[in-house]
Protein chains: 2
Amino acid sequence: MAASIKDVAKEANVSIATVSRVLNDIDVVNQETKQRVLDAIEKLDYRPNILARSLKTQRSSTIGIIIPDISNSLYPEIVRGAEDLASIYNYNIMLCNTDLDKNREKESFNILREKMVDGIIYMGDSLDADIKAAIKNSGIPVVSVGTMDDEDEVPSIGIDSYSGAKEAVEYLISLGNKNIAYIGYDRETALEHEKIYAGYRDAMSNAGLLNENLVYRGNLKYEQGIAGINKITESQQVDGVICGCDQMAIGVINALREKGIKVPEDVNVIGFDNIALAAVYHPKLTTVARPLYDMGSVGMRLLIKLINKLPIEESYYRLPYEFVKRDSCK
Amino acid sequence: MAASIKDVAKEANVSIATVSRVLNDIDVVNQETKQRVLDAIEKLDYRPNILARSLKTQRSSTIGIIIPDISNSLYPEIVRGAEDLASIYNYNIMLCNTDLDKNREKESFNILREKMVDGIIYMGDSLDADIKAAIKNSGIPVVSVGTMDDEDEVPSIGIDSYSGAKEAVEYLISLGNKNIAYIGYDRETALEHEKIYAGYRDAMSNAGLLNENLVYRGNLKYEQGIAGINKITESQQVDGVICGCDQMAIGVINALREKGIKVPEDVNVIGFDNIALAAVYHPKLTTVARPLYDMGSVGMRLLIKLINKLPIEESYYRLPYEFVKRDSCK
């Protein structure tokens, strides 16, 4: 049986009100009495009832994370960065998977409001009007991680996806590739992926190489990388590929291998994100690296500042991406 | 501003006590009044204060998950299985990363107790006396996922790691391998990994092939797979390898490739766990598959039964493993 505040009061030979004053750090208790209460708390391993205290302070020391799918290899590292930072400040993490279903995303804001979380990290593919309304209605500080809010209404952390994609495609062009395929995400409301697509289009267009038949859009899964490259190569010659994510790039390379086409000897392939797998896959994947762990920790730091009403320098953090050259291009 | 219980009472033209009775499903309110209250709740989008209710019911509808590291590719799928099941029963998930640090594991039980979680899923590498004491002291239902409690004091979900490893090594022997290395975990308190090691030793011993120089133990990381195979091949011929986890197996294959040694042509390699990567890596990895998603969901189902004091058939669930033959052995 856990010790109660009564037990502590009895042990320290003071009133319950005095124990309460010590717990709430109200400075009217003399030092000697205070020490006696603290000793009693330690001796009895008394844990003040956090829920009761939350009710009073309206704070739960809990932060909600709304996430598409923790088993998608992109998110665990972001969540780990967020959790490490949160635990430094004594916050705990509550997780809601949404599978990018907009209704589940909105419901998650409601659930987290009911749980009285102090703040929310939002990860989803679009900050559309509905989501912004849900954020506003929640009345809770929210930071978007991964998807930037170009209107700067929701504080956000991300990278310059457009430039990352453009640089990668320009690199393929510099290697002599002319028939460069884009295999990416098909949801047009997904802001960051539209930027990747725009970076691809501009780089190709600038070089006079744009060809709509080299474009395939599907969901962001391994299988769609396979489907995409198989579809495009039915009618097109391909010497380079940029993908919306690393999983798709690995699908592309495996599908090409099945056909006896070698990467990078015959085709150059570039991914996006730099998930853990990219560095250990064979061939090691050239990719546009998002600083996943940092995105989580910087996002959480910003959120905790907002929760505590501390001044923030800016609410729109574009972290540097890194174009990582490995073995899938030559 | 969110609606309060007062607003609902006013809107429905009833007393606060009546609203409270409807919310707590106490059946003394007549149907017509009840409906009026429910309509008012819907109209005002009133969310009862869960914390206040938790305090009364001593339930938070939250389940804690204690986990070594969410960014380790083993755990996201288990957590996803657990969360999917929890959300069916309207529970939310609170996450604590411990990095297998025993002090942080014990502290996590305290934190989760303070947060008044209704139950805890524990993932760690040993159910030692300290952890069992922490579980007992918490006074909260706990289910161990991944690590079985052979003493059956803590309800647990896992696989028969010993038989899985033994079957895999016997398979290597059946392929004609004689110099089969074991590259696994070095923490002797890690129960499941000791079973894998025992399975290896027994299979080798039965075939008269046991050789201590073929054993390397380190942490469960990719880099240790590389270090392990490099160390062993300094002095030994190797024709087969079984690893304590898939990441190590991939390290082994990459290290062998660096030396110009081909898998599976020259050396057969088997992993353990069947993380997502195993099926897409090249060569596709032969491995002992643990049913990760199912371990999470079955563990959560068991925990929710315990929380609700429902009868359970058994508290020790050994789910079937699957020996998955892919392309890293021939």
Side-chain angles (χ1 to χ4, degrees), chain A residues 1-2 45 47-55 58 60-62 64-65 69-73 75-81 83-84 87 90 92-97 104 108 110-116 137-139 222 247 250-251 253-254 257 275-277 279-284 292-293, chain B residues 1-2 45 47-55 58 60-62 64-65 69-73 75-81 83-84 87 90 92-97 104 108 110-116 137-139 222 247 250-251 253-254 257 275-277 279-284 292-293:
Chain A
M1 186 65 194
D45 189 28
R47 301 268 159 181
N49 186 318
I50 296 264
L51 279 186
R53 206 199 276 173
S54 298
L55 208 55
Q58 293 288 310
S60 63
S61 296
T62 300
I65 299 191
D69 177 6
I70 191 68
S71 68
N72 174 319
S73 39
Y75 299 107
E77 218 179 315
I78 300 178
V79 170
R80 184 62 209 252
E83 208 252 338
D84 281 356
S87 75
N90 291 315
N92 287 87
I93 291 303
M94 190 171 282
L95 213 57
C96 296
N97 284 310
R104 280 178 65 186
S108 295
N110 286 333
I111 289 170
L112 292 171
R113 191 174 68 176
E114 289 184 353
K115 299 275 184 174
M116 290 186 68
N137 286 339
S138 75
Y222 170 78
Q247 283 104 324
I250 286 163
I253 297 173
N254 280 358
R257 187 158 21 216
I275 58 174
L277 169 52
V280 305
Y281 181 71
H282 177 73
K284 295 190 171 79
L292 301 172
Y293 182 93
Chain B
M1 187 63 197
D45 190 26
R47 299 270 161 179
N49 186 317
I50 295 263
L51 280 187
R53 206 198 275 174
S54 298
L55 208 55
Q58 293 288 310
S60 62
S61 296
T62 300
I65 300 191
D69 177 6
I70 189 69
S71 68
N72 174 319
S73 38
Y75 300 105
E77 218 179 315
I78 299 179
V79 170
R80 184 63 210 253
E83 208 252 339
D84 281 356
S87 76
N90 291 315
N92 287 88
I93 290 302
M94 189 171 282
L95 213 57
C96 295
N97 284 311
R104 281 177 65 187
S108 296
N110 287 333
I111 289 170
L112 292 172
R113 191 174 68 175
E114 288 185 354
K115 298 276 182 173
M116 290 185 69
N137 287 339
S138 75
Y222 170 76
Q247 283 104 326
I250 286 163
I253 296 174
N254 281 358
R257 190 162 15 221
I275 59 175
L277 170 50
V280 305
Y281 179 72
H282 178 73
K284 295 190 172 80
L292 301 171
Y293 182 93

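Every chain is numbered from 1 and lettered A, B, ... according to where its sequence line falls, protein lines coming before strand lines. From a predicted model like this one, the values you see are computed outputs, not experimental measurements.
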Inset, instruction - State, yes or no, whether a side-chain contact exists between A:Glu83 and B:Ile70 at a heavy-atom distance under 4.5 Å. - result: no

Legend entry - Contact check, side chains of B:Val280 and A:Leu277, non-hydrogen atoms, under 4.5 Å: yes

By a 4.5 Å heavy-atom criterion (distance strictly below it), what part of [X] contacts chain A: side chain, backbone, both, or neither?
| X | answer |
| --- | --- |
| B:Tyr281 | both |
| B:Ser138 | neither |
| B:Asn97 | both |

Legend entry - Residue, of A:Gln247, A:Arg257, A:Met94, that accumulates the most heavy atom pairs under 4.5 Å with chain B: A:Arg257

Legend entry - Residues B:Ile93, A:Ile93; criterion side chain to side chain contact (heavy atoms under 4.5 Å, CB included); working and verdict: CA-CA 8 Å; B:Ile93 290 302; A:Ile93 291 303; over 6 Å; no

Inset, instruction - Determine the option with the most heavy-atom pairs under 4.5 angstrom with chain A, choosing from B:Ile250, B:Asp69, B:Ile65, B:Asn72. - result: B:Asp69

Nearest heavy-atom pair of [X] and [Y]: which atoms, and what distance?
| X | Y | value |
| --- | --- | --- |
| A:Asn92 | B:Cys96 | ND2-SG, 3.8 Å |
| B:Ser71 | A:Pro76 | CA-CB, 3.8 Å |
| B:Lys115 | A:Thr62 | NZ-OG1, 2.9 Å |

Legend entry - Interatomic spacing from CD1 in A:Ile275 to OG in B:Ser73 - rounded to 0.5 Å: 10.0 Å

